[in-house]
Number of protein chains: 2
Amino acid sequence: MTDHRIMIVDDHPVVREGYRRLIDLQPGLQIVAEAEDARSAYARFREAMPDAVVMDVTLPGASGIEAIRHIRQYDDAAKIVVFTMHQGSAFALKAIEAGAAGYVTKSSAPDTLIKAIFGVLKGRTMISPDVIEAIAQDRIAGSGTRLRDLSTRQTEILRLLASGWPVERIAEALSISLKTVRNNHYHIKSVLGLETDAQMVWFAMEAGLVQGPREEDA
Amino acid sequence: MTDHRIMIVDDHPVVREGYRRLIDLQPGLQIVAEAEDARSAYARFREAMPDAVVMDVTLPGASGIEAIRHIRQYDDAAKIVVFTMHQGSAFALKAIEAGAAGYVTKSSAPDTLIKAIFGVLKGRTMISPDVIEAIAQDRIAGSGTRLRDLSTRQTEILRLLASGWPVERIAEALSISLKTVRNNHYHIKSVLGLETDAQMVWFAMEAGLVQGPREEDA
DNA sequence: GCCTGTCGCGGGCAATTTGCCCGATCTTCG
DNA sequence: CGAAGATCGGGCAAATTGCCCGCGACAGGC
């Protein structure tokens, strides 16, 4: 039987080498495509039509979540395993909601990824234990409401605010009024129970929405 | 001639595999030790006494910067190459100040790391081009004045603001009036040329002032 | 088809904060 | 001693926040 054809998406070359080492040398798996950002991930997916995709979600430019949505829109049977350093539950939920079949953190044991790949190839949903725990901890002791309580739009605005964009630029970029952005700014902090803008940045970072400042275009 | 003995420090197993692929298979280099956090990095260094260390600076627990300092304190001839995703100049400067001999970002071409390793083994200081550019841009075109332009007090207030403390709590903690904190908040952003509070958080992070939210007491 | 819920969008307005000015101390240093 | 600079804060107009409201679009459910 022929090998399963895998595509990997990550912006760091060294990390891609790590994937190779783990995946390509694994009997039954073969890497047939690579991409380093969300846009090319979509393009390469259509060219290569891999059996499964392993991707990081923090990519330059568009978020990996968008990439997942985009790919699933093109092929709703696509098997995508998210492999990221973010262990925040909110991000995992977003990814799964977007259509990811697996979610594994980079701090997991290496073979967790391999198991997840084989799992999704069999049509199962594979979530790494630490993430399941994080999700569970979120549900109990509703200490903090989370990203899930924000709408898609609010999440997008949060991402831009946390990146450091001034509200004026956000209004312009999204073609909505300044007032709406401000209202959202207030509501986001309110819903999340945050007092200051700085706390909002930390929240966004922990949720994996942002990992650095700017990111010039939406 | 025997291979150079290299130690790698990174908290993500997959990334370590990437290092292996790049370093271990490189003629003349051999990985002799691995560590996944700052504490064990120090311990392993003493056991293995490698010729060079490649390490990420964002590690669980103590910062990689601390680990560098610690190792250099033990052996001030230690050759340490920092290999990280942070391209902010401030972080690089901290690392170099702590005694790092090289600084390469993960977005660099893979062989940049190899060259940096051979470079530091020869006693040179190797900084990847994008970081040099970031440092240069900091210095020239006073576009961004830097941390050095803030007084001690302002730096302290910046640290608290960026950690997410509300101004009221800061005033209380420092026993100064709310108004003074607000004035400082404004002046800090003004001096640093920042538009939003979120940008201020990123600045503080890159400057190494903060690495996570809260930190309950001053 | 209609009713209900939710979402994105923004107006309105009082209360608060920001942005930028100023002056008063208190050090430090030549 | 006098100059420089840091710290602390008052003042005040302009801008923003906090919180309320309403409107239209859309997705289910009955």
Under the side chain to side chain contact (heavy atoms under 4.5 Å, CB included) test, residues paired with A:T112 that sit two or more places apart: A:V104, A:S108, A:A109, A:S128
Whole-Å distance separating the [atom1] atom of [X] from the [atom2] atom of [N]:
X: A:I157; N: C:dG10; atom1: CD1; atom2: P; value: 10 Å
X: A:D197; N: C:dT16; atom1: CG; atom2: P; value: 19 Å
X: B:R153; N: D:dT7; atom1: CZ; atom2: P; value: 8 Å
X: A:Q154; N: C:dG10; atom1: CD; atom2: C1'; value: 14 Å
X: A:L158; N: C:dG8; atom1: CG; atom2: C1'; value: 16 Å
X: B:L178; N: C:dT17; atom1: CG; atom2: C1'; value: 10 Å
X: B:H187; N: D:dG9; atom1: NE2; atom2: C1'; value: 12 Å
X: A:I170; N: C:dC9; atom1: CD1; atom2: C1'; value: 16 Å

If only side-chain N and O atoms of [X] are considered, is one of them under 4.0 Å from the OP1 or OP2 phosphate oxygen of [N]?
X: B:R182; N: C:dT17; result: yes
X: B:T180; N: D:dG9; result: yes
X: B:S177; N: D:dG9; result: yes

If you take atom types as modelled and just measure distance, does the side chain of [X] reach the base of [N] with a donor-acceptor pair under 3.5 Å?
X: B:K179; N: C:dG19; result: yes
X: B:N183; N: C:dC20; result: yes
X: A:N184; N: C:dG10; result: no

Trace of the side chain to side chain contact (heavy atoms under 4.5 Å, CB included) decision for A:V120 with A:T125: CA-CA 6 Å; A:V120 302; A:T125 298; over 6 Å; no
Counting side-chain heavy atoms from CB outward, which of [options] is closest to [X]?
X: B:K189; options: C:dT17, C:dG19, D:dT16; answer: C:dG19
X: B:H185; options: C:dC9, D:dC8, C:dT18; answer: C:dT18
X: B:I176; options: D:dC8, C:dC9, D:dT16; answer: D:dC8

Sugar-phosphate only, base, or nothing, as touched by B:E195 at under 4.0 Å among non-hydrogen atoms: nothing
Donor-acceptor pair between B:D197 and B:H185 side chains, under 3.5 angstrom: yes
Residue pair A:S40 / A:D37, side-chain donor-acceptor N/O under 3.5 Å: yes
Donor-acceptor pair, side chain of B:Q199 and main chain of A:G164, under 3.5 angstrom: yes
